[in-house]
Peer 1: 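Below you will find the structure I want to go over with you.
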Protein chains: 2
Amino acid sequence: MARPRSFDPDDVLEIARQVFWQKGFQATSLDEITAASGVAKPSLYAAFGDKNALFLKVLDRYHDGILGWAERTLAQPVPAREAIRRWLTGFIPYCSGEKGQRGCLSINSATDGSLDQADLRKSIERYNRRLEELLRARLRADRAQFRKGFDPDVTAHTIMVVHAGLLALAHQRPDSKQVKAVIDQVMGLLA
Amino acid sequence: MARPRSFDPDDVLEIARQVFWQKGFQATSLDEITAASGVAKPSLYAAFGDKNALFLKVLDRYHDGILGWAERTLAQPVPAREAIRRWLTGFIPYCSGEKGQRGCLSINSATDGSLDQADLRKSIERYNRRLEELLRARLRADRAQFRKGFDPDVTAHTIMVVHAGLLALAHQRPDSKQVKAVIDQVMGLLA
DNA sequence: CACGTTCTGTACTTAGTAGTACATAACAAA
DNA sequence: TTTGTTATGTACTACTAAGTACAGAACGTG
């Protein structure tokens with residue numbers, strides 16, 4: 001009953017993610033997203049709202065993707081220690097070499113002082129909380145497999161810190177061997 | 001023989017640091033620095049060059065400050081383990097609560113995709129390299145105090161990762177107790 | 001006191017970008 | 001085919017912010 005959309009919003013969010021991830025929120029102009037996606041500005045505004053709203057949608061999508069993968073990985077029928085090792089190891093390609101350069105979209109956004117929009121903060125906090133909950137739940141479930149006095153809550157947070165640190169330092173393109181060595185050493189805390 | 005400067009460049013760098021740290025490089029306009037410092041733009045340009053050059057000077061100053069403090073702390077006549085514990089603990093006020101909100105200027109800059117200026121990258125890399133060298137040297141020097149098979153190089157890097165992670169997550173204003181718990185747990189790797 | 005030099009402040013230019021007005025195109029239904 | 005509705009694309013506005021021209025102020029020196 002009206003003219004249909006000529007683009008798939010999900011495709012555009014995917015393209016926008018790449019551009020935002022590469023250049024950062026501030027430095028990315030809507031014209032660049034228009035150029036990359038082929039969708040003109042008025043259509044972007046009609047579909048996603050203003051630049052902040054668009055970025056929020058991109059970030060939420062990004063978070064959902066990582067959370068989904070974390071859920072799947074941590075649900076594997078292996079000891080908690082092994083599941084977490086696999087989860088951390090899975091980040092190595094994103095923490096090292098060429099691909100690591102861009103770091104993590106969520107952390108990049110969290111450390112961007114200009115983004116003190118309440119919505120964005122909330123999205124990031126929610127993401128971190130849920131990620132940590134996944135880790136904590138897994139560690140608690142397999143509590144018996146660890147030494148006496150093992151604290152799953154603190155350990156979950158420590159893993160979050162290591163995870164964030166690896167992705168923060170990823171911008172220097174460290175060698176994947178070095179990242180792996182750090183993960184191996186930190187796994188020593190899970191015993 | 002000519003009109004003298006009416007401001008102390010060091011004071012201005014200090015003020016600029018505060019503004020840049022709070023709002024980020026991109027989101028800070030020179031007008032804001034002018035307003036905060038009372039120094040007009042032409043004077044800023046004459047004294048420091050353009051916005052990038054000013055920020056580079058601010059960042060170098062920031063790096064020097066932290067490196068100086070790290071050198072002093074790590075040179076204390078205590079076991080390496082204790083020196084590093086003190087060093088990490090010293091960051092707690094900057095990793096938690098209200099003050100933690102702004103995070104670390106260096107990490108904030110490193111994760112800002114728009115700052116792919118070669119100069120800035122170099123400054124940050126140099127800073128991280130020197131910091132890690134300080135840790136590595138200290139761990140190597142007291143190598144005998146650790147267990148057999150202890151690897152000072154990997155451990156130094158792991159500490160860098162934890163340090164970066166704490167400062168990356170600082171934007172969420174975690175409780176200082178939580179930060180301390182993570183540090184305590186990570187210190188378990190130094191044995 | 002006059003002079004040359006360097007700094008300062010106002011006001012401007014210029015460029016880039018977020019957001020939008022409006023005419024038009026594409027569809028579904030009648 | 002006509003009509004109502006929603007999307008599209010061009011072209012525009014409004015604004016912000018980096019960088020600068022220029023006139024005048026503040027010094028040391030002769």
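Quick caveat: nothing in here was measured; it's all calculated off a predicted structure. Every chain is numbered from 1, with letters handed out A, B, ... down the list of sequences.
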Peer 1: Relative to the 5' end of DNA chain C, which residue comes earlier, Pro42(B) or Phe25(A), by the nucleotide with the nearest heavy atom?
Peer 2: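 So the residue in question is Pro42(B).
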Peer 1: Report yes if at least one side-chain N or O of Ser6(B) is closer than 4.0 Å to OP1 or OP2 of dC7(C); otherwise report no.
Peer 2: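 So the side chain of Ser6(B) is outside the cut-off, no N or O lying under 4.0 Å from OP1 or OP2 of dC7(C).
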Peer 1: How many Å lie between CZ on Phe20(A) and C1' on dA18(C), as a whole number?
Peer 2: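 In whole Å, dA18(C) C1' lies 12 Å from Phe20(A) CZ.
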Peer 1: At less than 3.5 Å, do the side-chain atoms of Arg3(B) and the base atoms of dC27(D) form a donor-acceptor pair?
Peer 2: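 Between dC27(D) and Arg3(B), which were checked side chain against base, a qualifying N/O pair under 3.5 Å is absent.
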Peer 1: Cut-off 3.5 Å, side chains only: do Asp112(B) and Ser114(B) have a donor facing an acceptor?
Peer 2: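 Side chains of Asp112(B) and Ser114(B): pair found under 3.5 Å.
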Peer 1: Side-chain N or O of Ser43(A) less than 4.0 angstrom from OP1 or OP2 on dA7(D)?
Peer 2: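 The answer is no; no side-chain N or O of Ser43(A) sits under 4.0 Å from OP1 or OP2.
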Peer 1: Are Lys41(A) and dG19(C) close enough that a side-chain N or O sits under 4.0 Å from OP1 or OP2?
Peer 2: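 Answer no for this pair, as no side-chain N or O of Lys41(A) is under 4.0 Å from OP1 or OP2.
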Peer 1: Check the distance between dC15(D)'s P and Asp31(B)'s CG and give it to me in whole angstrom.
Peer 2: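 In whole Å, dC15(D) P lies 16 Å from Asp31(B) CG.
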Peer 1: List in chain and number order the residues that pass ring pair (Phe, Tyr, Trp, His ring centres under 6.0 Å) with His171(A), two or more places apart in sequence or in another chain; answer none if no residue qualifies.
Peer 2: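 Counting only residues at least two positions away or on another chain, His171(A) forms no ring pair (Phe, Tyr, Trp, His ring centres under 6.0 Å).
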Peer 1: Could you see if Val39(B) belongs to whatever hydrophobic cluster contains Tyr45(B)? Use Ile, Leu, Val, Met, Phe, Trp, Tyr and a side-chain cutoff under 4.5 Å.
Peer 2: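 Cluster IDs for Val39(B) and Tyr45(B) match.
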Peer 1: Provide, to the nearest angstrom, the distance between the NZ atom belonging to Lys51(A) and the P atom belonging to dA18(C).
Peer 2: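 After rounding, the reported distance stands at 4 Å.
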Peer 1: How many Å lie between CD on Gln26(B) and C1' on dT17(C), as a whole number?
Peer 2: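 Rounded to the whole Å, the gap is 13 Å.
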Peer 1: When all nucleic acid strands are considered with a 4.0 Å heavy-atom cut-off, which category describes Pro4(A): base, sugar-phosphate, or nothing?
Peer 2: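 The residue Pro4(A) makes sugar-phosphate contact but no base contact.
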Peer 1: For the pair Arg136(A) (side chain) and Ala156(A) (backbone), establish whether a donor and an acceptor sit closer than 3.5 Å, ignoring hydrogens and angles.
Peer 2: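 Answer holds: no.
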Peer 1: When all nucleic acid strands are considered with a 4.0 Å heavy-atom cut-off, which category describes Thr34(B): base, sugar-phosphate, or nothing?
Peer 2: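 Nothing, no nucleic acid heavy atom in range.
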Peer 1: Measure the distance from OH on Tyr45(B) to C1' on dG9(C) and round it to the nearest whole Å.
Peer 2: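 It is 15 Å, rounded to the nearest whole Å.
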Peer 1: By nearest heavy atom, map Ala46(A) and Asn52(B) onto DNA chain D; which one lands nearer the 5' end?
Peer 2: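 Taking each residue's closest nucleotide, the earlier one in sequence belongs to Ala46(A).
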Peer 1: Quick one: Leu30(B) CG to dA18(D) P, roughly how many Å, whole number?
Peer 2: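 Going from CG in Leu30(B) over to P in dA18(D) covers 5 Å.
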Peer 1: Given dT6(D), dG19(C), dG9(D), identify the nucleotide with an atom nearest to the side chain of Asp50(A).
Peer 2: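 Of the options given, the side chain of Asp50(A) lies nearest dG19(C).
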Peer 1: To the nearest Å, how far apart are Ile33(B) CD1 and dA17(D) P?
Peer 2: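 Result: 12 Å.
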Peer 1: Go through the side-chain N and O atoms of Gln178(A) and Ser96(A) and say whether any donor and acceptor fall under 3.5 Å apart.
Peer 2: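 Side-chain D/A pair, Gln178(A) to Ser96(A): absent.
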Peer 1: Can you check the Phe7(B) CZ to dT6(C) P distance for me, whole Å?
Peer 2: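 Value for this atom pair: 16 Å.
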